[in-house]
Structure formats: structure tokens, C-alpha cells
There are 4 protein chains.
Amino acid sequence: MSATTVNDKYNAILQAAIEIISEKGLYSTSISDIVKKAGVAQGTFYLYFRSKNALIPAIAQNLISITLEKSKEKTKDRANFMEFLQTFIDEIYNITDEYKDVIVLVYSGLAIDHSMEIWETIYKPYYEWFEDELKRAIGNGEIIGELNVGWTAKMIVNMVENAAERFFIGRDQDITREESQHEVFQFLKRSMAPAK
Amino acid sequence: MSATTVNDKYNAILQAAIEIISEKGLYSTSISDIVKKAGVAQGTFYLYFRSKNALIPAIAQNLISITLEKSKEKTKDRANFMEFLQTFIDEIYNITDEYKDVIVLVYSGLAIDHSMEIWETIYKPYYEWFEDELKRAIGNGEIIGELNVGWTAKMIVNMVENAAERFFIGRDQDITREESQHEVFQFLKRSMAPAK
Amino acid sequence: MSATTVNDKYNAILQAAIEIISEKGLYSTSISDIVKKAGVAQGTFYLYFRSKNALIPAIAQNLISITLEKSKEKTKDRANFMEFLQTFIDEIYNITDEYKDVIVLVYSGLAIDHSMEIWETIYKPYYEWFEDELKRAIGNGEIIGELNVGWTAKMIVNMVENAAERFFIGRDQDITREESQHEVFQFLKRSMAPAK
Amino acid sequence: MSATTVNDKYNAILQAAIEIISEKGLYSTSISDIVKKAGVAQGTFYLYFRSKNALIPAIAQNLISITLEKSKEKTKDRANFMEFLQTFIDEIYNITDEYKDVIVLVYSGLAIDHSMEIWETIYKPYYEWFEDELKRAIGNGEIIGELNVGWTAKMIVNMVENAAERFFIGRDQDITREESQHEVFQFLKRSMAPAK
DNA sequence: GATGAATGAGACTTCATTCAT
DNA sequence: AATGAATGAAGTCTCATTCAT
């Protein structure tokens with residue numbers, strides 16, 4: 001028996017769940033649907049998840065890990081903060097487009113469960129990474145120092161994600177993607193760039 | 001008087017729904033719970049709402065109407081834009097605190113239904129009101145003119161609501177309410193105030 | 001709609017339950033079996049009983065009511081206590097034979113539920129009736145007065161039922177029914193008849 | 001040593017079963033509960049017992065063995081029958097108090113299985129022991145000879161156990177333990193003692 | 001003999017919705 | 001319009017049992 005057998009079943013269930021719930025919604029997806037797609041028995045589900053709701057934090061975790069990984073990867077070679085920020089915004093728009101269904105499911109899933117608090121936990125490494133970028137930029141004199149970096153990191157991440165969600169999920173039709181990304185960037189830049 | 005009776009039942013059901021769903025969540029609340037609290041018969045529900053999901057847009061509408069009304073009321077006597085903005089931020093924090101359960105239910109409810117699009121519809125008058133305020137401020141030279149007012153109105157409303165939600169719902173513990181409001185305000189101000 | 005509609009469904013379920021559970025046992029009987037036999041919908045069961053276990057006290061009540069009624073009826077014309085006792089014993093043997101399956105289900109059902117205490121409640125009118133007979137017999141000098149009538153009533157009822165159950169359910173093969181009844185009667189008579 | 005290991009597992013399972021089933025009832029106890037408490041693997045259960053129901057006769061056997069053993073031990077030095085009987089009654093009350101949960105489970109377990117008949121088999125050595133005591137007492141002229149010893153042995157054992165169960169399990173509140181035991185003893189004595 | 005992950009049948013129960021009154 | 005008993009489909013979850021290691 002390979003050491004990864006356990007993970008195989010767990011992952012099969014998790015991936016099946018993400019696909020089906022993204023498509024049909026949490027409420028309309030039955031555990032029976034999930035196990036059928038995952039190719040495991042009904043009871044096997046309960047060896048890995050206590051209930052249908054217990055899937056949601058796992059899915060959320062998965063989503064944030066992917067987002068963080070991709071964001072880091074795309075931005076790692078940027079020469080200065082404003083370039084970093086522009087690349088970050090672009091990548092968040094990409095990810096939001098690709099994963100919009102998962103994003104919606106994760107929002108609703110956590111809200112349904114009254115477990116919105118765990119957002120902060122899941123986002124923690126993400127916020128910390130962004131905070132570090134802010135600190136470095138402040139150190140370099142690229143952005144002003146008079147802001148609360150912790151709060152600002154959270155705020156920017158949220159603002160960018162929100163703009164992207166409004167564009168791809170809310171279907172804000174008044175503006176193109178380029179314009180939308182441009183407005184976000186300019187708004188942030190104006191607020192953070194040091195006076196010339 | 002007959003018309004009043006009808007409205008009474010409708011409102012009794014809507015209010016009961018808001019209270020119970022806020023507390024127990026949409027999924028765990030049955031129509032039986034709602035009608036029991038509303039004091040009407042099981043079948044009566046279907047005279048006013050097609051299904052359980054049909055409640056959600058009504059609840060969302062209700063929430064946004066209250067928010068818009070209160071925001072207008074509180075800000076109506078503000079002398080200039082920065083004062084208006086500060087009052088607006090404060091009031092959104094108030095409302096988020098008071099209605100956090102309803103906010104969560106409305107998020108999850110609309111997501112469940114894959115009807116996130118209707119957010120834009122419901123928010124429309126709210127965004128328009130804020131847009132008008134922005135336009136007036138631009139006209140007065142209180143804020144810079146180089147921003148897309150439509151997009152910026154939406155962005156600010158979202159940003160403020162998000163900050164408030166992060167504070168009251170996400171339970172961000174790193175900061176006091178005053179600091180949080182202050183950061184939002186400063187961030188927006190820096191980005192929009194004309195260079196002296 | 002007749003006033004007895006409610007009782008009709010309730011009784012249909014109760015009678016169906018008694019028949020099927022007597023035959024197949026509590027554990028092997030599903031609610032689905034019961035409602036099928038009763039001719040009502042699955043959900044209707046839950047309008048009248050909270051769960052499968054909630055049937056048991058109702059069935060027990062039913063059994064004891066029948067037993068008390070038949071015992072009273074059969075013994076009502078007996079001239080003296082010893083004749084009464086003989087007739088009572090005979091009738092208990094009759095009933096035990098006829099209802100042995102129900103008796104077994106009620107024993108096990110209440111034990112399963114850890115609700116043995118309710119026996120005392122259900123038996124109360126039965127014990128009281130027998131107690132009155134004992135008091136009358138004492139008053140008439142037909143039996144000795146030096147016994148605790150409350151306790152003795154319970155003891156005799158239990159002893160007679162036990163003997164009958166041992167005969168019909170335990171399948172004690174060493175003795176005929178007549179001999180068994182005779183032994184019970186003689187034993188009780190010896191213990192209660194006044195010295196000549 | 002291998003044989004010892006086998007017995008260890010068997011006994012671990014049996015004792016765990018008795019404890020858990022006594023507490024939660026047969027129906028609510030799963031084999032998973034039992035093996036967890038016994039500290040063996042799920043599959044190991046099936047090396048020793050064919051099914052969950054197969055536990056019950058083993059538990060019943062265990063209970064009766066203990067009862068017989070204790071009864072013999074306590075009564076072995078009694079000088080005459082009436083003293084023996086008094087000691088026996090007292091000891092049955094003791095045992096009933098100590099093992100009431102097991103008694104309830106054994107009742108329900110056997111009834112569930114429609115295997116009430118096996119009572120007679122399990123009780124056989126117990127009844128025989130009591131029968132021998134009766135015969136000896138008749139031989140000594142301590143009790144009357146006109147009774148069917150086989151039937152009477154069964155009847156007395158049942159009557160005493162019933163009284164004790166009514167007291168400890170049925171929670172008959174009308175009487176103290178001493179009074180209850182006294183009534184049993186007097187009732188039996190009156191019926192069996194030779195006329196002076 | 002011992003293990004325990006995996007199975008999958010099927011039981012219980014809930015609940016949105018209907019409809020006769 | 002209002003009622004609420006009745007429906008029955010469908011979902012969740014449990015659990016005895018198996019079997020490859």
C-alpha cells in the first residue's frame with residue numbers, strides 16, 4: 001500500500017467536491033453526487049469529512065494556497081513596488097476569472113456555516129506575505145511610511161479582490177477589465193506614493 | 001384594510017424570516033420555523049413567496065434600503081466632502097455592527113442561489129447616490145477630477161463595507177474601531193484630495 | 001371531515017405497528033414497513049409519533065388497557081375471592097397466550113429505551129383495581145389482613161403474569177397449563193387464606 | 001500463551017460490551033464503540049462473535065453464572081431453610097442493585113432476538129440448585145411436601161427477582177427495601193411452612 | 001490471529017409544497 | 001385569503017461486515 005493512499009482518497013473527494021459544488025452550488029450538491037464523481041463509496045466520505053459543511057474550510061484553504069502560490073510566482077521578479085502591485089492586481093484578476101465559481105462557493109459556504117471568522121486564519125499567511133512587501137517598499141522609500149502596514153495589507157488585498165469580483169462575478173458592465181485594473185492601481189498609487 | 005391585512009402577513013413573514021435566518025442560517029431554517037414565528041399557517045407562506053429562496057432578494061433589498069436611508073439621513077447636513085466621508089464611514093460601521101447577522105445571511109443567500117448578479121441591481125440606487133456626492137465634490141474642487149466616478153463610487157462603498165465587515169464579522173483583533181475607521185478615511189483622503 | 005380522522009390515522013399506525021413489530025421484532029421493523037401497512041405516507045408517521053421508540057409506550061398502554069378490561073369483565077360476577085382469583089389466573093393465561101408477541105415486544109421495547117420506570121405508571125390503574133379486590137376480600141374475612149395490600153397486589157399480578165409467560169413464552173415443558181395454573185392458585189391460596 | 005491471548009481478547013470484548021451496552025443500550029451501541037473500548041481492531045470482533053446479537057447470550061450466561069455463584073456462596077452456611085431463604089432474598093436484592101443495567105440489557109437483548117426460550121436453558125443450573133434446596137427442606141420437614149418442586153423453584157426464583165427488580169428498576173416508591181424483602185419472605189413462608 | 005480502511009445498503013428523518021376545506 | 005394535515009421524495013449518515021495486508 002503506498003503511503004499516499006490516504007491522501008489519494010481525500011484528494012479525490014476534495015477535488016470532486018470543488019468541481020461539483022462550483023457548478024451546482026453547495027445546497028444542490030449531495031454527498032452522493034460527490035462520492036460518485038470521486039469514485040469512492042458513500043461511507044468513505046465520512047472517513048475524511050465529518051459532514052458536507054466540513055468541506056468548505058478545506059476548499060477555502062485550497063483556494064487561498066493556490067492564490068498565494070500563484071501571486072508569489074508571478075510577482076517574484078518585479079523590480080519595484082509599483083511594478084509588483086500592477087502584476088499582483090493583474091494576477092488576482094486572472095485567478096478571480098479562473099476560480100470565480102470556487103470563490104462564490106467559499107463565500108457562501110463559510111457564511112452558511114456562520115464561520116466567517118476562519119477567513120482571518122486562512123488568509124493569515126497571505127496577508128503576512130503582502131505585509132512584508134509593503135514593509136520592504138517603505139524601507140526603499142517607494143511608498144509612504146505613515147500607514148498601518150498590517151491593516152493596509154488586508155485592505156489592499158480585499159480591495160483588489162473585490163474589484164475583480166465585481167468585474168467577473170458581479171458583472172459590472174460599465175467598464176473594461178483594463179480600465180478596472182487601471183483605476184485600482186491609480187487609486188492605490190495616489191494614496192501611497194510619496195509626494196514628489 | 002384588506003390591503004393592510006395582506007401587508008401585515010407579508011411583513012410578518014419577512015421579519016420572522018430575517019430574525020430566524022439571521023440566527024440559524026438559511027440552510028437550517030425551515031419554512032415551518034418561519035411561519036410558526038410569524039403566526040401564520042404553513043400554506044400562507046406560499047401566498048406571498050414562491051419559495052424559500054425567494055425570501056433572500058427581499059431581505060437584501062430591505063437591508064440596502066435601510067442602509068441607504070440611514071446613510072442619507074446621517075450625512076445630509078455635512079458641510080464638505082471630507083466631513084461627509086467621515087460620517088459615512090462611521091455610519092457604515094454602525095450599521096454593520098447592528099445588522100451583521102443579516103449581512104452574512106444575505107451574502108450566503110445570494111451566493112447559494114448563484115444570483116450574485118442581483119447585487120448590482122439592488123445596490124444601484126445606493127451607488128448612484130454616492131456617485132452624485134462624488135460629482136458634487138469634484139465640482140467643488142474638493143477632490144480630484146481624474147477618477148472614474150462610477151467605478152470609484154462602487155469601490156469606496158465596497159472598501160468601507162469591507163473594512164467594517166472585517167472588523168465586526170471577521171473579528172480582526174489587531175486594531176480598534178477608531179483606528180480602523182481612521183485608516184480607511186486617511187487612505188481615501190490621500191488618494192482623492194487635490195495636491196495643495 | 002369526520003371528527004375521528006385524526007384518530008383514524010393514529011390508530012392505523014398504532015395497529016400496523018403492533019402487528020408488524022410483534023411479528024418481526026422492533027429492531028427488524030422499519031418505519032417504512034409500518035406506514036406501508038397503515039396506508040399512510042412516510043411523513044405522516046412523524047405527525048403522530050416522534051420516533052420509532054415513541055410507539056412502545058403507546059403499545060404498552062394499549063396492551064394493559066386490554067388486559068385490565070378483559071380481566072374486569074371476566075371476573076365481575078365472581079361470588080368470592082378464591083373464585084375471583086381462579087378466574088383472574090385463567091384469564092391472564094388466556095391473554096398471555098393471545099398476546100405473547102406483543103408482550104415480548106413491549107418488554108424489550110421499554111428496556112431498550114431505558115424507560116422501565118414507566119411500567120409503574122402504566123400499571124397503576126391495574127394495580128389499584130386488584131388492590132381494591134384484595135381490600136374487599138380482607139373486609140369479608142376471606143383472606144388474612146396481615147399483608148401489605150399495595151405490595152401484595154403488585155406481587156400477585158407479577159407472579160401470575162410471570163407464570164403465564166414462563167409457560168407460553170419461556171416454553172416451560174415440564175408441566176401442563178392446568179397444572180401450572182393450579183400451582184399458582186394453591187400457592188397464593190395457602191399464603192393468604194385464613195387458618196381454619 | 002497463545003490460548004491466553006485469545007481469551008484475553010474475548011474477555012476484553014465481552015467486558016467492554018457489557019459496560020457500554022449497559023450504559024447506552026443495545027441499539028445505540030455500535031461494534032465500533034465496543035472494539036474501541038476493548039482496544040482491539042474492528043475486524044477482531046468477528047473472530048470471537050458472529051454478530052452483535054451473539055453477544056447477548058454470552059452476557060446473559062455471564063450474569064446468571066455470577067448470580068448463582070454469589071447465591072451459593074452467601075447461603076452455604078445457613079442452618080435451616082427459612083434462614084437460607086432470607087439470605088437468598090437479601091442476596092438477590094444485592095445483585096439486582098449492582099447489576100440492574102446488565103439485567104435490563106439482557107431482558108431487552110433476548111427479547112429483541114425472539115430468543116426468550118434460551119432463558120430456560122441458561123437458568124437451568126440455577127433452578128436445579130434451588131430445587132435441591134427445596135427437596136432437602138421437604139426431607140427435613142421444614143416445608144410442606146404437597147408442592148411441585150420443579151415449578152415451585154422456578155416460581156420462587158422469579159418472584160424474588162421480580163420483587164427486587166420492581167424495587168430497583170421499576171422504582172416502586174411505596175415501600176422500603178426492608179419492607180419489600182420482609183413481604184416476600186412472609187408471603188413465601190406462609191405458603192410453605194407446615195401448619196404447626 | 002490481527003488489523004482497520006473501505007464498503008454500500010438502507011434506516012431515519014426532514015421539509016418544501018399541495019390541496020381540500 | 002387562509003389554513004394545516006398530509007404527502008413522499010430525497011438527503012444525510014450510520015454501521016455491520018469484508019478482505020487485503
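Labels below follow one simple rule: chain letters A, B, ... track the order of the sequence lines, proteins then strands, and each chain is numbered from 1. This structure is a prediction, so every number in the text was calculated from the model and none was measured.
- Between atom NZ of residue B:Lys124 and atom CD1 of residue B:Ile64 there is a gap of 15.0 Å, rounded to the nearest 0.5 Å.
- Within residues 35-43 of chain B, the residues approaching DNA chain F are B:Val40, B:Ala41, B:Gln42, B:Gly43, by heavy-atom distance under 4.0 Å.
- The nearest whole Å value for the distance from the CZ atom in D:Phe49 to the P atom in E:dA2 is 13 Å.
- Atom CD1 in D:Ile31 sits about 16 Å away from atom P in E:dG4, given to the nearest Å.
- Distance C:Ile13 CD1 to F:dG8 C1': 14 Å, rounded to the nearest Å.
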side-chain contact (heavy atoms from CB on, under 4.5 Å), that's the test. Do A:Val40 and A:Tyr10 meet it? Break it down for me. CA-CA 10 Å; A:Val40 300; A:Tyr10 176 90; over 6 Å; no
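- A straight line from CZ of B:Arg50 to C1' of E:dT18 spans 17 Å, rounded to a whole angstrom.
- Distance check: D:Ile20 CD1 to D:Ile18 CD1 gives 11.5 Å after rounding to the nearest 0.5 Å.
- D:Ile34 places its CD1 atom 17 Å from the P atom of F:dT14, with the value rounded to the nearest Å.
- Atom CD1 of residue B:Ile31 and atom CZ of residue B:Phe45 lie 4.0 Å apart, to the nearest 0.5 angstrom.
- Considering every non-hydrogen atom in both A:Lys100 and A:Phe168, the closest pair reads CD-O, 3.9 Å.
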After noting the C-alpha distance and the side-chain angles of B:Val35 and B:Thr44, does the key distance pass the side-chain contact (heavy atoms from CB on, under 4.5 Å) rule? CA-CA 8 Å; B:Val35 296; B:Thr44 305; 6.0 Å; no
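- Along DNA chain E, the nucleotide closest to C:Phe45 and the one closest to B:Thr29 are compared, and the more 5′ of them pairs with C:Phe45.
- The A:Leu47 side chain lies nearest to E:dT7 when the options are F:dT17, E:dT7, F:dT12.
- One interatomic measurement links the two molecules: CG of D:Asn53 to C1' of F:dC15, which rounds to 14 Å at whole-angstrom precision.
- Across every non-hydrogen atom of A:Leu14 and A:Ala58, the tightest pair is CD1-CB, 3.8 Å.
- Looking at C:Ile56 and C:Leu26, their side chains come closer than 4.5 Å, going by heavy atoms from C-beta outward.
- For B:Tyr48 and F:dA2, the shortest distance from a side-chain N or O to OP1 or OP2 is below 4.0 Å.
- Residues meeting the side chain to side chain contact (heavy atoms under 4.5 Å, CB included) test with A:Ser65, sequence neighbours left out: A:Gln61.
- Distance OH (A:Tyr46) to C1' (E:dG8): 13 Å, rounded to an integer number of Å.
- The shortest side-chain heavy-atom distance between D:Ile21 and D:Leu55 falls under the 4.5 Å cut-off.
- Taking every side-chain heavy atom of B:Lys9 into account, F:dA2 is the closest of F:dA2, E:dT7, F:dT17.
- Between D:Thr44 and E:dA2 there is no side-chain polar atom (N or O) within less than 4.0 angstrom of OP1 or OP2.
- Applying the 4.0 Å criterion to OP1 and OP2 of E:dC15, one finds that B:Lys52 has every side-chain N and O outside that range.
- Positionally, the nearest nucleotide of DNA chain E for C:Ser32 lies more toward the 5' end than for the other of B:Ser30 and C:Ser32.
- Helical stems involving DNA chain E, defined as 3 or more consecutive Watson-Crick or G-U pairs under 3.5 Å, span E:2-21 with F:2-21.
- Here F:dC15 presents its C1' atom at 14 Å from CD1 of D:Ile21, a figure rounded to the nearest Å.
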